[in-house]
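Comments concern the structure below.
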Amino acid sequence: MKRHEIFALVDCNSFYVSCERIFQPQLENKPVGVLSNNDGMVVALSSEMKKLGIKRGDPAFKIGNFLKKHDGVLLSSNYTLYGNISARIMQALQQFSPDLEIYSIDEAFLRFTDLPEQDLDLLGKKIRATIQTWIGVPVSVGFGSTKTLAKIANRVAKKFSSTEGVYNLCDHPNLPKVLKWLEVDNIWGVGRKYAKMLHSNGIHNAWQLANTDYPWVKKQMTVVGLRTTMELNGISCIDIEMDIAPRQEIVSSKSFGKPVSDYQEISEALSAYCVRAVEKLRSQNLVASQIMVFLTTNRFKKELPQYANYALTRLPVPSAYTPDFLIAARSVLKQVYREGYEYKKVGVMLADLMHESQAPLDFFAPTYLDDKRKDIMDCIDKINKEMGRDVLTYAGVGVEQNWQMRREMLSPRFTTCWQEIPIVKAK
DNA sequence: TCTGGGGTCCTAGGACCC
DNA sequence: TCTGGGGTCCTAGGACCC
């Protein structure tokens with residue numbers, strides 16, 4: 001007999017903003033927004049910011065003046081800080097259940113087995129209090145008999161202050177009411193395209209979707225949509241994933257701080273992203289054998305000629321040796337680069353990843369592990385880790401780096417850099 | 001001046017094999 | 001009249017997530 005399972009979704013409220021507020025208490029109760037790379041658009045907002053009518057995705061340059069009038073603050077994103085705070089939260093959550101899935105930087109699923117349901121509300125409150133006290137970040141907790149329902153419960157917890165941040169949908173008499181309230185657009189797993197399709201078929205809320213003919217759903221939305229629909233009916237189809245699945249691809253790409261046409265500059269930026277991607281590869285003890293390069297102009301500038309393209313190549317043997325990728329990336333870039341365009345973005349994607357110990361042997365060439373290449377890379381990584389990022393790097397990444405992104409409102413690395421750790425003076 | 005970056009999964013179709 | 005029937009692997013594209 002299957003044991004009775006309950007899922008919880010713990011989700012940090014306005015995560016990036018909450019991270020900034022830990023070390024900058026003057027930001028409490030103020031409209032605060034955190035921007036995407038290049039200070040482009042708002043990606044996280046405090047509730048005060050939402051009340052001003054600002055939305056995720058609003059471009060920074062359009063709202064700057066408006067915010068000044070309302071004492072609002074915009075910050076550049078500080079992923080070093082957010083990553084560190086996230087790790088602390090996940091560690092703290094471990095104590096509530098060993099069955100923990102880190103779903104994103106600010107969300108985790110927990111699975112409980114044979115837990116008395118009357119205790120759920122108390123448990124939710126305890127989780128909230130723990131994360132608030134230990135780390136200083138407010139979270140919301142939703143319980144459900146499936147992951148999809150736990151997600152919905154979390155949404156209710158966030159939306160209605162009367163819940164005090166905890167909502168339980170397990171065998172709840174309000175379940176039909178909640179499902180009727182929730183538009184299909186807001187169901188986990190239903191994106192813009194499918195939401196539109198469902199609306200045009202007269203299915204507007206989660207209750208209606210739950211009661212839709214399964215074969216029809218499968219035909220229109222593949223098994224993925226079918227799973228979601230069944231989960232709305234309390235049939236658990238998506239289990240938590242505790243093992244960190246090995247990566248299948250690693251992407252490194254960024255928009256430029258300003259438009260770039262010059263081949264040399266693009267090549268430098270590409271080289272820099274390539275160095276970063278291969279570092280990431282090595283940090284997980286992986287090797288890659290495929291590399292793809294893509295570049296694109298600014299699609300928002302409709303008056304300018306547009307161009308986007310990509311191409312890929314394979315390495316003769318899987319590798320994590322940066323120069324192998326730099327050489328490959330540059331030869332691929334030559335294939336896709338066209339003169340006379342203002343480029344906005346270039347990037348590299350590594351694919352065909354496998355653990356370095358599983359790389360196939362080649363009769364004619366030594367594997368990455370065999371010859372000195374791994375030793376050289378490990379040595380460089382170690383120096384960079386101890387002495388600072390890019391103390392040792394490659395000539396191809398250039399010196400001036402005019403293409404670098406903008407981060408004009410960046411907060412300090414409060415928790416990960418000795419020079420930037422805040423000092424509290426005793427009175 | 002100015003609009004993110006990094007992932008996953010599923011399906012259809014073509015190549016190739018016996 | 002009629003032109004096999006599976007498999008598998010690979011890739012591109014489309015959907016989704018935060």
Side-chain angles (χ1 to χ4, degrees), chain A residues 9-12 14-16 33-44 54-65 74 76-79 82-83 86 101-109 147-148 151 154-155 184-198 217-228 237-238 241 244-260 269 273 276-277 280-281 284 289-290 292 294 296-302 304 309-312 314 342 344-353 405-409:
Chain A
L9 177 67
V10 181
D11 190 327
C12 301
S14 309
F15 181 58
Y16 298 168
V34 173
L35 301 172
S36 62
N37 284 332
N38 275 314
D39 295 340
M41 63 192 208
V42 180
V43 291
I54 310 292
K55 285 190 297 295
R56 192 189 141 92
D58 283 347
F61 72 92
K62 279 193 187 162
I63 58 174
N65 283 333
L74 289 177
S76 304
S77 44
N78 185 343
Y79 286 99
Y82 312 149
S86 172
E101 176 190 350
I102 298 172
Y103 179 66
S104 75
I105 194 167
D106 74 326
E107 276 176 69
F109 285 102
K147 284 169 91 174
T148 304
K151 268 267 189 191
N154 189 284
R155 194 181 181 85
V184 287
D185 312 61
N186 296 322
I187 300 170
W188 182 47
V190 178
R192 259 209 327 271
K193 288 274 164 66
Y194 284 149
K196 202 174 156 203
M197 183 278 294
L198 289 171
V217 173
K218 185 173 178 195
K219 187 157 175 255
Q220 303 295 322
M221 304 170 70
T222 81
V223 292
V224 182
L226 178 61
R227 281 200 278 260
T228 298
C237 308
I238 313 170
E241 286 165 31
I244 299 160
R247 289 249 166 288
Q248 305 200 6
E249 57 192 41
I250 289 173
V251 178
S252 180
S253 107
K254 279 186 193 68
S255 299
F256 302 128
K258 59 177 177 100
V260 177
Y273 303 152
R276 201 62 76 219
K280 206 185 275 181
L281 192 66
Q284 301 172 39
S289 45
Q290 185 180 295
M292 177 173 105
F294 52 94
T296 169
T297 50
N298 188 345
R299 66 183 201 281
F300 291 102
K301 290 194 167 175
K302 298 213 172 63
L304 290 179
N309 203 352
Y310 71 90
L312 48 86
R314 307 188 76 81
E342 287 198 354
K344 177 63 182 169
K345 182 177 184 175
V346 67
V348 62
M349 177 167 119
L350 311 182
D352 251 0
L353 311 186
M405 66 173 176
R406 283 187 310 272
R407 295 166 97 188
E408 286 165 2
M409 295 156 276

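All heavy atoms count here, side chains included; hydrogens, waters and symmetry mates do not. Letters A, B, ... are given to chains in the order of the sequence lines, protein chains preceding strands, and every chain is numbered from 1. Small disclaimer: the values here were computed from a predicted structure and weren't measured.
As rounded to whole Å, 9 Å separates atom P of C:dC17 from atom CH2 of A:W188. With rounding to whole Å, A:L304 atom CG is found 13 Å from B:dT1 atom P. If you take CZ of A:R227 and C1' of C:dC17, they are 14 Å apart, rounded to a whole angstrom. The distance between atom CD of A:E107 and atom C1' of C:dC17, rounded to the nearest whole Å, is 9 Å. Put simply, CD on A:Q290 is 11 Å from C1' on C:dC10, counting in whole angstrom units. Taking atom CD1 on A:I238 and atom P on B:dC10, their separation rounds to 10 Å, with Å as the unit.
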Scan nucleotides 3-6 of chain B against the protein and return all N/O pairs shorter than 3.5 Å with their distances rounded to 0.1 Å.
| unit_1 | atom_1 | unit_2 | atom_2 | d |
| --- | --- | --- | --- | --- |
| B:dT3 | OP1 | A:K344 | NZ | 2.4 |
| B:dG4 | O4' | A:S36 | OG | 3.2 |
| B:dG4 | O6 | A:R56 | NH2 | 2.5 |
| B:dG5 | OP1 | A:S255 | N | 2.3 |
| B:dG5 | OP1 | A:S255 | OG | 3.4 |
| B:dG5 | OP2 | A:S255 | OG | 3.0 |
| B:dG5 | OP2 | A:K345 | NZ | 3.2 |
| B:dG5 | O3' | A:S253 | O | 3.4 |
| B:dG6 | OP2 | A:S253 | N | 2.6 |
| B:dG6 | OP2 | A:S253 | O | 2.7 |

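Within the 4.0 angstrom heavy-atom criterion, no nucleotide atom of any strand lies near A:I102. Counting any heavy atom pair closer than 4.0 Å across all strands shown, A:Y310 reaches sugar-phosphate atoms only and no base atom.
For the pair A:T222 and A:K301, nearest-nucleotide mapping onto DNA chain B gives the more 5' position to A:K301.
Between A:A277 and A:V348, the closest heavy-atom pair is CB-CG1, 4.2 Å. Closest heavy-atom contact between A:S77 and A:S36: OG-C, 3.9 Å. When all heavy atoms are compared, the tightest approach of A:T297 to A:K344 is C-CB, 3.7 Å. Between A:F256 and A:N38, the closest heavy-atom pair is O-ND2, 3.7 Å. Summarising the geometry of A:V42 relative to A:K55, their closest heavy-atom pair is CB-O, 4.1 Å, with the distance given to 0.1 Å.
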Yes or no on salt bridge (Lys or Arg N to Asp or Glu O under 4.0 Å) for A:R314 and A:D352, after CA distance, side-chain angles and deciding distance? CA-CA 9 Å; A:R314 307 188 76 81; A:D352 251 0; 2.2 Å; yes
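Phosphate proximity of C:dC18 to A:K151: present, with a side-chain N or O under 4.0 Å from OP1 or OP2.
Side-chain atoms of A:Y273 do not come within 3.5 Å of backbone N or O of A:A269 as any donor-acceptor pair.
Between A:F109 and A:W188, the ring center distance clears the sub-6.0 Å criterion.
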Taking only Watson-Crick and G-U wobble pairs with both distances under 3.5 Å, what dot-bracket line describes DNA chain C, where [ ] shows pairs that cross earlier ones and | shows pairs with another strand? ....||||||||||||||
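In this structure, CD in A:E249 is found 12.5 Å from CG in A:L281, a value given to the nearest 0.5 Å.
Residue A:R314 places its side chain closer to C:dT11 than to any other of C:dC18, B:dT11, C:dT11.
For the C1' atom pair drawn from C:dC17 and B:dG4, the interatomic distance equals 15 Å after rounding to whole Å.
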